[in-house]
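One structure is given below, encoded as structure tokens.
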2 protein chains.
Amino acid sequence: MTLLESALKEIKPVDPALLAKAQERLDMLTKPKDSLGRLEEFARRFVAITGNTRPTVEKKVIFTFAGDHGVAEEGVSAFPKEVTPQMVLNFLRGGAGINVLSRHAGIEVAVVDIGVDFDFNGAKGLIHKKVLRGTRNIRKGPAMTRDEAVKCLEAGINLAAEYAADGAIFGTGDMGIANTTPSSAICAAFSGASVEDVTGRGTGIDDARLKNKINVIKDALSVNKPNSNDPIDVLAKVGGAEIGGIAGLIIGAASRRIPVVVDGFISTAGALVAYEMNPVIRDYLFAAHNSVEKGHKVMLERMNLRPFVDLDLRLGEGTGAAIGISLVEAGVKVYNEMATFGDAGVSEKDK
Amino acid sequence: MTLLESALKEIKPVDPALLAKAQERLDMLTKPKDSLGRLEEFARRFVAITGNTRPTVEKKVIFTFAGDHGVAEEGVSAFPKEVTPQMVLNFLRGGAGINVLSRHAGIEVAVVDIGVDFDFNGAKGLIHKKVLRGTRNIRKGPAMTRDEAVKCLEAGINLAAEYAADGAIFGTGDMGIANTTPSSAICAAFSGASVEDVTGRGTGIDDARLKNKINVIKDALSVNKPNSNDPIDVLAKVGGAEIGGIAGLIIGAASRRIPVVVDGFISTAGALVAYEMNPVIRDYLFAAHNSVEKGHKVMLERMNLRPFVDLDLRLGEGTGAAIGISLVEAGVKVYNEMATFGDAGVSEKDK
């Protein structure tokens, strides 16, 4: 059995009895029942995912996977391709949005080169998991071979193993100029939605470029004919290296009972690839924020995930996940640190 | 001129030139334009409110005002009245939801007795600003005299002065069994909306109690006839001590150019009282979360405020404000700490 097969096989649904046990404790805390809303849901789910009835968050890591995309040559992005390695170096120096928001929430950022078309020469702090130097242009043929796609997934699974710890929570992030294009293609391939309904402006393209982007995605789907019943085929043909890394990280985390907070559009495309391989994975995921990209909602609904931060973010990198991790942690702290009615001598609700 | 009059007079609209200047810097940072959405808005507004073009958040305080309500005797709440002082003691011991969420975000909690029907005997850590021992039953007559209402407002204004500092940000919170009842009454009085449309289940009452609560509020409005053109009259007749304290804190903060993150339904009723006295106050407010209480939306729309946390919270105490303060601070950090395109050697958008 391959690493991928065995990780997928190890993923088990969370135990509903643990959700109920966690709710029992939440209902003893000094607040009206359910009044902390989704923070209580986060606590319940954290208990059920980890299997620890008094869990604490001990290790917070966001994995920002970087990769290039051959389809960038089709003019689908507002930024030139060289921005991918430039931003990776910015991450390593701590100057990007993900660095600031992660510092704010006490989160480590793991920057992963999984497919950038640039030689980083062993840059300090960078995690070297390069599978290829940029994907090939999906308008003309497959982005990757099936073997390369599996290597991306396994790089993610290995990272989950390397960073696994008691009390860990992971977040996903991405960097890759043009990567909303393969993400929309993945969304359309699995959901059957029209390309127009799942394609947005990415980093900010105008109407003419948006029209071109839609045509490029339509061509990519008709040239490659990805098989939606075979998620690795979809990832290889119209996906990207960072999307595969994110999918693999999620598979690895779920196989080790580690919760994962999923960032926006690109990360959700990665989560969807993982979910299509084993829908039980949904039990381990928290959807952080509502992206401005319209395909995002289609994918979240397919996985029945409801985001909780409404800040009009569309940066990626893991920025929404950083905020999301802090809120999941807040839920776990509520669960652990609030006084019970008995302890605090507070009267309960009238019968 | 009284303290209230002079504070109201000192409140000036924020300077749009400062908003534009802040946006200039935001547009130089290594991210697509506007891609950090509302975090950028928070940074812009923080600059404009404080008048400091490189502001940092140096002091975070949530003021949780506690008061009792004579109308509790009408059976409008799911909890008995003694819970108000019990919860105040729970706040002082650090065991309540607001304590946990404030610790998580590095926020100080200032617990203020402004109108609890209990003798705390100088309890340690409690801020003693008691104006009255519980309001009177608004179904039968005014909650407070006009003089008492002004004293509540001035207690809040004085607290803002005592806690004022460079880089300060305040949050509001409340504790008071039955206080959704006066909040709905305030909402109906100013907005003209029907009582049914602005009255919810508070801490969790059943259908029969909800029906009773609606009748109580209708009676309170017809018995007291609050004058919606005279916000102090509304506060005195159908409000509450903690609602007045919150309104006063907001007035004091705005007069000193300190941003205020407003919690849910009760805090927003306080914000509305302040807003009706001087609508410029809106410039200084951040609406944290979307409360489950349906009158909340009516008041936010009246002030043109858009909340940003969607966690189904309905606890009060300032819990939504704690999360909100952390997100406003995140916006300010993005503004200060992110690298510019020039500094980071990152290529800008294609022209």
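The figures that follow rest on heavy atoms only: side chains count, while hydrogens, waters and symmetry mates do not. This structure is a prediction, so every number in the text was calculated from the model and none was measured. Below, read A as the first sequence line, B as the second, and so on, with proteins coming before strands; counting in each chain starts at 1.
Among B:Leu89, B:Leu327, B:Asn336, B:Asn290, the residue making the largest number of heavy-atom pairs under 4.5 Å with chain A is B:Leu327. Listed options A:Gly106, A:Pro32, A:Ala322, A:Ser35 were ranked by heavy-atom pairs under 4.5 angstrom with chain B; first place goes to A:Ser35. Ranked by heavy-atom pairs under 4.5 Å with chain B, the first of A:Thr319, A:Leu29, A:Leu36 is A:Leu36. Interface summary for chain B: among A:Asp310, A:Val309, A:Asp343, the most heavy-atom pairs under 4.5 angstrom belong to A:Asp310. Looking only at heavy-atom pairs under 4.5 Å with chain A, the residue among B:Ala105, B:Ser326, B:Gly331 that has the most is B:Ser326. Note on A:Pro85, A:Gly320, A:Ala96: by heavy-atom pairs under 4.5 Å with chain B, the leading option is A:Ala96. Per-residue heavy-atom pair counts under 4.5 Å with chain A were compared for B:Gly202, B:Gly94, B:Gly316, B:Gly345, and the maximum is reached by B:Gly345.
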>> side chain to side chain donor-acceptor pair (under 3.5 Å) for B:Thr64 and B:Glu317? Distances and angles first, verdict last.
In response: CA-CA 6 Å; B:Thr64 303; B:Glu317 301 178 1; over 6 Å; no
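The closest side-chain heavy-atom distance from A:Asp174 to A:Asp263 is below 4.5 Å. Using a 4.5 Å cut-off on side-chain heavy atoms (C-beta onward), B:Phe42 and B:Val332 make no contact. With a 4.5 Å cut-off on side-chain heavy atoms, B:Lys213 and B:Thr180 count as touching.
Heavy atoms closer than 4.5 Å to chain A are found in both the backbone and the side chain of B:Thr30. For B:Thr340, no part sits under 4.5 Å from any heavy atom of chain A, backbone or side chain. For chain A, the nearby part of B:Leu101 is the side chain; its heavy atoms alone come within less than 4.5 Å. For a residue to count as touching a neighbouring chain, one of its non-hydrogen atoms must lie under 4.5 Å from one of that chain's; by this rule B:Glu337 touches chain A with backbone and side chain alike. Heavy atoms closer than 4.5 Å to chain A are found in the side chain of B:Phe341, but not in its backbone. Of the atoms belonging to B:Asp34, heavy atoms from both backbone and side chain fall under 4.5 Å from chain A. For a residue to count as touching a neighbouring chain, one of its non-hydrogen atoms must lie under 4.5 Å from one of that chain's; by this rule B:Ile323 touches chain A with the side chain only.
Under a cutoff of 6.0 Å and an axis angle of 45°, B:Arg25 and B:Tyr335 form a cation-pi pair. For B:Arg314 and B:Phe265, the positive end is not near the middle of the six-membered ring at less than 6.0 Å and at most 45° from its axis.
Around NZ of B:Lys297, the count of heavy atoms belonging to other residues, nucleotides or ligands within 6.0 Å does not exceed 12.
Ion pairing of B:Glu41 with B:Arg38 is present here, as a side-chain N (NZ or NE/NH1/NH2) and a carboxylate O approach within less than 4.0 Å.
To the nearest 0.5 Å, atom CE of residue B:Met87 and atom NZ of residue A:Lys31 are 10.5 Å apart.
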